[in-house]
Amino acid sequence: MRISAKEDYAVRAMLELAIADGGPLKREQIAEAQDIPTTFLQNILVELRHAELVEAQRGRVGGFRLARPADEITVADVVRAVSGPLATVRGVRPPALSYNTRAEPLRDVWVALRASIRDVLEHVTLADLAARQLPTTITKTTMNPRNWA
């Protein structure tokens, strides 16, 4: 799986908003704190707003804030907001793929891959990231040196 710059920036922007704990942050503040190009961040914030993950407040004291509590927003929610489904094959969701008999087991591999991705991204919330306390299953996985190679 390849995490795009857009997905990485979106999660980092949302993390910055989670750390702010409700206080609105201006786009420039988020960009500076997370070293994200401001113009790129603007487009990401628009998509996050359309997905109802952030709210915008106008005015001098305005900015962006999370639309829901940080413990209710997963990394998967953010990735889906800016990129669509977590795992597709040529733009098709794995269960909808059709292969000939010889390649049919490959569909099961893609479904299992998607399930693995979901097991990680759907169980890590912005609150987990902000508190620097990842779920035990994640920390166990990262403690295995093989997974870093």
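Heads up: numbering here begins at 1 and tracks the sequence.
Under the 4.5 Å side-chain criterion, counting only non-hydrogen atoms from C-beta, L126 is in contact with L66. Contact check for Y9 versus P37: side-chain heavy atoms found under the 4.5 Å cut-off. Residues T125 and D77 fail the side-chain proximity criterion, which asks for heavy atoms closer than 4.5 Å. At least one side-chain heavy atom of R90 sits less than 4.5 Å from a side-chain heavy atom of L97. Taking the side chain as every heavy atom from C-beta outward, D128 and D71 never approach each other to under 4.5 Å.
Taking hydrophobic clusters as Ile, Leu, Val, Met, Phe, Trp and Tyr residues chained together by side-chain heavy-atom distances below 4.5 Å, V109 does not share a cluster with V111. Transitive grouping of hydrophobic side chains (ILVMFWY, heavy atoms separated by less than 4.5 Å) keeps V120 and M143 in distinct clusters.
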Side-chain donor/acceptor pairs under 3.5 Å, residues 43-58, sequence neighbours excluded:
{"residue": "E47", "atom": "OE1", "partner": "K6", "partner atom": "NZ", "Å": "3.1"}
{"residue": "E47", "atom": "OE2", "partner": "K6", "partner atom": "NZ", "Å": "2.8"}
{"residue": "Q57", "atom": "OE1", "partner": "R65", "partner atom": "NH1", "Å": "2.8"}
{"residue": "Q57", "atom": "OE1", "partner": "R65", "partner atom": "NH2", "Å": "3.1"}

Extract all donor-acceptor atom pairs below 3.5 Å that involve side chains of residues 19-28 and protein atoms in other chains or at least two apart in sequence.
{"residue": "K26", "atom": "NZ", "partner": "R60", "partner atom": "O", "Å": "3.0"}
{"residue": "K26", "atom": "NZ", "partner": "G62", "partner atom": "O", "Å": "3.1"}
{"residue": "R27", "atom": "NH1", "partner": "Q42", "partner atom": "OE1", "Å": "2.4"}

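Contact record, P94 with R114: CD-CD, 4.1 Å, taken as the closest heavy-atom pair. Residue L15 comes nearest to A130 through the heavy atom pair CD1-N, 3.5 Å, listed as atom of the first residue, atom of the second, then distance. The minimum heavy-atom distance between P135 and H123, with the atom names listed, is CG-O, 3.1 Å. Across all non-hydrogen atoms, the minimal contact from I30 to F64 is CD1-CB, 4.5 Å. Listed here is the closest heavy atom pair of R12 and D35: NH2-O, 3.8 Å. In this structure, A13 and L41 approach most closely via the heavy-atom pair CB-CD1, 3.7 Å.
Note: E16 CD to I36 CD1 = 8.5 Å, rounded to the nearest 0.5 Å. Note: L86 CG to S116 OG = 12.0 Å, rounded to the nearest 0.5 Å. For the atom pair S98 OG and E104 CD, the distance stands at 8.0 Å (nearest 0.5 Å).
No more than 12 heavy atoms of other residues, nucleotides or ligands sit less than 6.0 Å from atom CD of E32.
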Next on the checklist: Applying side chain to side chain contact (heavy atoms under 4.5 Å, CB included) to T137 and D119, what does each step give before you reach the verdict?
Outcome noted: CA-CA 9 Å; T137 56; D119 278 346; over 6 Å; no

Checklist entry - Does the pair T74 and E122 meet the rule for a side-chain hydrogen bond (donor to acceptor under 3.5 Å, both in side chains), with working shown? => result CA-CA 6 Å; T74 67; E122 289 181 349; over 6 Å; no

Item to check | Criterion side chain to side chain contact (heavy atoms under 4.5 Å, CB included) on L121 and V78, from CA distance to verdict | outcome: CA-CA 9 Å; L121 300 184; V78 178; over 6 Å; no

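Side chain of R68 to main chain of E72: a donor-acceptor pair is present (N/O by atom type, distance under 3.5 Å, no hydrogens or angles). Under the 3.5 Å distance criterion, the side-chain polar atoms of E7 are matched with a main-chain donor or acceptor of S4. A donor-acceptor contact shorter than 3.5 Å links the side chain of T139 to the backbone of T136. Without hydrogens or angle criteria, W148 side chain to T142 main chain gives a donor-acceptor distance under 3.5 Å.
In terms of the ring-ring contact (aromatic ring centres under 6.0 Å, His included) criterion, Y99 has no residue partners (sequence neighbours excluded).
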